[in-house]
Amino acid sequence: TSEAPAATPVRPPGRPDPAPAAPLAAWLERLSASGGSDLLLVAGAVPTLRVHGRLEPSGELPLSAAAVEELFAAQLDARRHELLAVAGAVDFSLRLPSGGGRFRVNLHRQRGGLAAAVRALPQRIPTLAELNLPPSLAELVAPRRGLVLFCGPTGAGKSSTLAALLDAPLTANAAVR
C-alpha cells in the first residue's frame, strides 16, 4: 500500500462524506443554477463549466495542483485515497448541503496533478416522454433474458435513458396500487 502525502489529510473510513469545500460548493451551486451539466477542474487551467453543451470558463484564476487536491481532500477517506494511488482515479458522489443538487465525481491524475470531472445528476428520474423516446422502448426491460447495450458519447443521455426505462414499470405499478 502507498502512504498518503503529508499535505493531504485522509478521512477515516465509515464516516459520511463531509460537505464539499466552500469554493467547490460555490461552483456546484453556480453549475446547478445555470442548468449546466459538468464542472471541469484541472491543475493549470481555470475552472470550467459545461452549460448547454458549451464550455464556459469561470473567469477565475487557473487552479494549482495543490488547490485541486485541497478541494477534494475532505472526500478522500482511506479507501478512496488508496484507489486513487493505485488506479490513478476514483469515483464518488457529492451532495450540496443546501439540497441544491447531487453530483458524480471522477477524480483522476492528469499531467502530474489531480483533475476532476464533476457531473450534475438530475433531482428526479425523467420519463420516456420527457426524453422524447417512444413508449415502445419500455419493452426492452420486459424480457427475463437478454442483453441490452447503451452506447454513445458523453452527455448523450445513456444514464437518463436507462433510468427512465427502469423507472417506467415501477411508476406504472405504483399508479395501479
Side-chain angles (χ1 to χ4, degrees), residues 14-42 45-59 68 71-72 74-77 79-80 83-84 87 89-108 110 115-177:
R15 292 208 179 142
D17 285 343
L24 178 58
W27 289 321
L28 295 176
E29 293 280 2
R30 183 172 160 189
L31 181 68
S32 291
S34 68
S37 61
D38 299 280
L39 171 64
L40 307 171
L41 303 170
V42 179
V46 299
T48 302
L49 291 83
R50 183 184 316 270
V51 179
H52 305 296
R54 291 189 13 241
L55 293 176
E56 297 182 1
S58 65
V68 176
L71 287 171
F72 293 99
Q75 278 72 37
L76 291 179
D77 62 17
R79 183 183 60 80
R80 288 178 183 157
L83 276 171
L84 183 60
V90 65
D91 296 314
F92 55 93
S93 64
L94 287 176
R95 179 181 301 270
L96 288 174
S98 66
R102 295 176 34 242
F103 304 87
R104 182 176 62 211
V105 179
N106 171 260
L107 192 59
H108 55 279
Q110 181 175 319
V118 183
R119 167 67 52 98
L121 300 173
Q123 294 293 323
R124 64 174 194 75
I125 297 172
T127 65
L128 290 174
E130 290 169 337
L131 295 173
N132 296 317
L133 296 170
S136 60
L137 199 58
E139 295 169 17
L140 285 175
V141 294
R144 292 182 178 261
R145 294 192 178 112
L147 174 67
V148 177
L149 298 176
F150 284 81
C151 304
T154 301
K158 299 176 298 292
S159 296
S160 297
T161 301
L162 185 58
L165 283 173
L166 295 175
D167 191 56
L170 298 173
T171 304
N173 287 341
V176 172
R177 290 182 193 165

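Nothing here was measured: the structure is a model prediction, and the numbers come from that model.
- Across every non-hydrogen atom of V46 and T48, the tightest pair is O-OG1, 3.0 Å.
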Quiz item: Does the pair F103 and L31 meet the rule for a side chain to side chain contact (heavy atoms under 4.5 Å, CB included), with working shown?
Solution: CA-CA 10 Å; F103 304 87; L31 181 68; 4.0 Å; yes
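- R102 contributes atom CZ, which lies 11.0 Å from atom CG of L94 (distance to the nearest 0.5 angstrom).
- Partner L71 forms a side chain to side chain contact (heavy atoms under 4.5 Å, CB included) with one of L24, L107, V118 and no other, that one being L24.
- Side-chain contact between L83 and R79 is present, with heavy atoms from C-beta onward closer than 4.5 Å.
- Note: L128 CG to T161 OG1 = 8.0 Å, rounded to the nearest 0.5 Å.
- In this structure the side chain of L165 reaches within 4.5 angstrom of the side chain of F150, judged on heavy atoms.
- At a threshold of 4.5 Å between non-hydrogen side-chain atoms, the residues S159 and R104 count as touching.
- R80 contributes a side-chain N or O that, together with a main-chain N or O of Q75, makes up a donor-acceptor pair within less than 3.5 Å.
- Here R119 contributes atom CZ and S37 contributes atom OG; the two are 5.0 Å apart, rounded to the nearest 0.5 Å.
- A donor-acceptor contact shorter than 3.5 Å links the side chain of S58 to the backbone of P47.
- Taking 4.5 Å as the limit, every side-chain heavy atom of E56 sits out of range of all side-chain heavy atoms of R30.
- Between S160 atom OG and D167 atom CG the span is 12.0 Å, to the nearest 0.5 Å.
- Residues H108 and L84 come closest through the heavy atom pair CA-CD1, 4.3 Å.
- Closest non-hydrogen pair, L49 versus W27, comes out as CD2-O, 4.3 Å.
- Nearest heavy atoms, N106 versus A89: ND2-CB, 4.3 Å.
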